[in-house]
Each structure stands twice: as C-alpha cells, then as structure tokens.
Chemist: 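Got a structure here, written out as structure tokens. Questions coming.
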Number of protein chains: 2
Amino acid sequence: MTDDVRWLSPDQLEAWLDLAALMIRLPAALESQLQRDADLSQFEYFVLAHLSESPGREVRMSELAAMSNGSLSRLSHVVSRLERKGWVLRRPSAEDGRATMTWLTDAGLAKIVASAPGHVERVRDLVVDALTPEQLEALGAACRVVLDRIDARDGESCAGRPGPRPAGRSRGCGDEA
Amino acid sequence: MTDDVRWLSPDQLEAWLDLAALMIRLPAALESQLQRDADLSQFEYFVLAHLSESPGREVRMSELAAMSNGSLSRLSHVVSRLERKGWVLRRPSAEDGRATMTWLTDAGLAKIVASAPGHVERVRDLVVDALTPEQLEALGAACRVVLDRIDARDGESCAGRPGPRPAGRSRGCGDEA
DNA sequence: TAGCGTCAGTTGAAGCATCAAGTCCACATC
DNA sequence: GATGTGGACTTGATGCTTCAACTGACGCTA
C-alpha cells in the first residue's frame, strides 16, 4: 500500500537530518543568548528590531506580523506583553479604522539598541563568521528557494479551499537590505 | 558604548534574514501537514521514527532525547502522551536501574508506517526536490558547520562553569544514513 | 557498608503558542 | 442608507515546552 513512496537517498537523508537538527537547535541557541542577556524571546526581538527600523518607529500589526513570520494572534499577545513593559504603544490607525498601529517608545528603542550588539555578535559567531561568504550565499539562496516553495503551497491551499492561511505573507519583502 | 559592533553587511543580513525566516516557517509548514494528516507533532514523529529504526524498536530515554534534539523533560512528557495513546511502552532497563527504555508497540509501528510516506512526500516537495543535488549538499554542509559551532559553544559553557547544558548531545550521531 | 557526588528520569507549575470565536470597521451592492 | 461580506485585529481556552525541584539508582571512597 505504501510501496510507491520515493524514500530519501542516504545523501538526501543526511542533508535533511542536518537541516532538521539546525531548525531546532539554532533557534534554541539564539534564544538562550537573548533570554540570558536581554530577557527577550527571538520573536520579541524581531518585533522590536523591525519597529526600530521602520519610518516613524511605527508599523501596522498585520505588516509587523508578516515581517516577523508570525500569526496576527501571536503578535497581538506579544505586543500586549511588550506594551505592559512600556516598550510599545498601540493606537488605531488614522487612515483605516480596522488597522492598529504599533509604535516603539523611547524605552523600547533603548531596549533594542542595548540588546542588538550581543545578538548580532551571537549570530556572527554561530552562523555568519562560521561560514565562508560563498557558503553563506549558498545557504541564503537555498533558503529562498524553500521559502518560495512554501509560499507557493500556501497559495495553492488558499485557492483550493476557503480555509484560512497560516500567516499568509506574500514574500514581497526582498527590500530589507 | 555600542560602537565597535561589527554589524552585518547587506548581503550577510539578507542571507541571515532568509535563514531566520526558514527556521520559523519550514517547521510550521511541516507541522501543519503532520498535524492534518496524522495528528502528530514533528517531535512526536521524530520519536516514533527513531524508535522504529532502532534494534528491538527500543531506545533509552536519554539517547532518544539526543537523537530527537530535545530535552529529557520534554521527551518524558511526550512519551507519556504517546504511552496514553498506546504507541509506546516504558520499562526500566535491565542493565542500568536508572535508565528507562522506551519500546514501540505494534500500534505505534503501524502509526509511523502510515504517517511516514506523507511526511517524506512533504519534505521532498518543500526541500529535497526543490533544490538541485548540489544545492542540497551545500545546504547540508552549511548546517553541519553551524551545528558543530553550536556544540562547541555548548561545550565551552560547560567547561567554564558547572551550570547545566541545554540538551547536551555530543553530535556523535553522524551514522544515521 | 555507609556516605557522597553524579546520573537518569519524572513531575508540577508557569509561560508561551495556537486555535476558535467574537468584535468592530470598511467597502460593495442593492 | 441598509444590508451583507470580508478584513483586521483581540480575547479566552487549551495544549505543549521549559524550568526548577525532586526521587532513586549507580559508583567511588573510606
């Protein structure tokens, strides 16, 4: 019954297992640094970082969710926590009454400015400086291919049936750098 | 005060952001397939899969935790759940009274046999078949470099002070394939 | 064989993510 | 201008992960 399955070759399996291990252990390794030094989760760090780089230090919730690769629900909870700590503020959008804008306070900016160097140092240590420029470029390219594939599949399931998409971003943010 | 930080170059930043996005979205994409088709988390899948491939369908808890890239505590909770569903059994080890052996039941074997094809198909679709063999190999190689770096850092913090290590596996399981 | 440090695993509490409603607003249609 | 549909969040409940004790078992030393 399950015999026309195309199992992975040994080489493919090894590469896949290494990637799977990386997806579990690298986030954990980064989280532990952030948690220890800044008492932030990686998601919280992303949110603050994206806010700090946005014009007016202000971004729409839905946009922020897409940038941070998270669901709107998750972001809402996180922003509530960040708000409680005084790092962000919420206000309704002037243009669109449905939208909520999140604004980074001075305290929030100070927080991310203080936390960024340690985090970048860790990213350098574990990833960027560990690889040759060619390896890093190849890694990034492979990631983009897979991400595009994920987006394509999300889009398909969206067209196929009316069910909700996970976080549905259009991967149109290639303008970061 | 924070001015001797070596920030990332645009190229480095782009590669890093793509990797960061991948680490969040690929696990989610795989989980959703497993959840929908098999009602399993990826971690549960890993546990069952490792058990099914082990001699006697039986593995020590601590060994299983290392193979699955998870903490012993997490594994213990998960095994409790799997036990409740009748897919695994626990028994004390004969050789070492401290150790607990986890054994995959027939029902558990049937479960993983039924779930594997769909999961492998998804991994193929999103990753293995999306990349050229060279890209996949390069991706795997980059992952190994980073994983080794993470292990090295874990080891350092272990030598430096007596505190507990995260999940401390020795990355000595390169014999999977 | 008693004592001590360590290892292996379990457990309960606390925190975070996910899921399913629910609310409010905008826009199109009649 | 009333109605309906869909978008943009928010909220509460549920479940999983993590963290910090805690329990026993092993092995060494005396």
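Per chain, numbering begins at 1; letters A, B, ... match sequence-line order. In this text the structure is predicted, and so the values were computed from the model without any measurement.
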Chemist: To the nearest Å, how far apart are B/L72 CG and D/dC19 C1'?
Modeler: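 Spelled out: CG on B/L72 to C1' on D/dC19 is 14 Å.
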Chemist: Identify whether the distance between the nearest side-chain nitrogen and carboxylate oxygen of B/D151 and B/R144 falls below 4.0 Å.
Modeler: no
Chemist: Using a cut-off of less than 4.0 Å, is there contact between a side-chain N or O of A/S62 and OP1 or OP2 of D/dC9?
Modeler: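 True: A/S62 side-chain N/O within range (under 4.0 Å) of D/dC9 OP1/OP2.
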Chemist: From B/S71 OG over to B/H77 NE2, what is the distance, rounded to the nearest 0.5 angstrom?
Modeler: 8.0 Å
Chemist: Could you pick out which residue, B/H77 or B/E63, lies toward the 5' side of DNA chain C when each is mapped onto its nearest nucleotide?
Modeler: B/E63
Chemist: Between B/K85 and B/D39, is there a side-chain heavy-atom distance shorter than 4.5 Å?
Modeler: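 Touching, per the 4.5 Å side-chain cut-off.
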Chemist: Which nucleotide in the set C/dA17, D/dT17, C/dA8 lies at the smallest distance from any side-chain heavy atom of B/A99?
Modeler: C/dA8
Chemist: Could you check if a side-chain atom of B/E14 sits within less than 4.5 angstrom of a side-chain atom of B/P10, using non-hydrogen atoms only?
Modeler: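 The answer is no, as the side chains (C-beta and beyond) never meet within the 4.5 Å cut-off.
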Chemist: Over how many whole Å does the gap from A/M101 atom CE to D/dA8 atom C1' extend?
Modeler: 13 Å
Chemist: Under a 3.5 Å distance rule, please check whether A/S76 uses its side chain to pair with a backbone N or O of A/L72 as donor and acceptor.
Modeler: no
Chemist: A/R74 has an atom CZ; how far is it from atom P of D/dT17, in whole Å?
Modeler: 14 Å
Chemist: Over how many whole Å does the gap from B/E31 atom CD to C/dT18 atom P extend?
Modeler: 9 Å
Chemist: Using OP1 and OP2 only, check whether a side-chain N or O of B/R81 sits under 4.0 Å from D/dT17.
Modeler: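 Yes.
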Chemist: Select base, sugar-phosphate, or nothing to describe what A/S73 touches, counting heavy atoms under 4.0 Å on all strands.
Modeler: base
Chemist: Any side-chain heavy-atom pair from B/Q135 and A/V145 closer than 4.5 angstrom?
Modeler: yes
Chemist: Going by heavy atoms closer than 4.0 Å, what residues in residues 41-48 of chain B are next to DNA chain D?
Modeler: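 Listed by number, there are none.
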Chemist: Applying salt bridge (Lys or Arg N to Asp or Glu O under 4.0 Å), name anything that partners B/R122, two or more places apart in sequence or on another chain.
Modeler: none
Chemist: Within this structure, what is the CG-to-P distance between B/L82 and D/dC16, rounded to whole angstrom?
Modeler: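 Whole-Å distance recorded here is 10 Å.
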Chemist: Determine: side-chain N/O of A/R98 to OP1/OP2 of C/dT23, distance under 4.0 Å, yes or no.
Modeler: no
Chemist: Rounded to the nearest Å, what distance is computed from the CG atom of residue B/D96 to the P atom of nucleotide C/dG9?
Modeler: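 In whole Å, C/dG9 P lies 8 Å from B/D96 CG.
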Chemist: Is any side-chain N or O of B/R60 closer than 4.0 Å to OP1 or OP2 of C/dA8?
Modeler: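 It does, given that an N or O in the side chain of B/R60 lies less than 4.0 Å from OP1 or OP2 of C/dA8.
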Chemist: Could you tell me the separation between the CD atom of B/E95 and the P atom of D/dA25, rounded to a whole number of Å?
Modeler: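 It works out to 16 Å between those atoms.
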Chemist: Nearest heavy atom decides the nucleotide; on that basis, is A/Q35 or A/V79 closer to the 5' end of DNA chain D?
Modeler: A/V79
Chemist: Using whole Å, report how far CZ of B/R90 lies from C1' of D/dG24.
Modeler: 15 Å
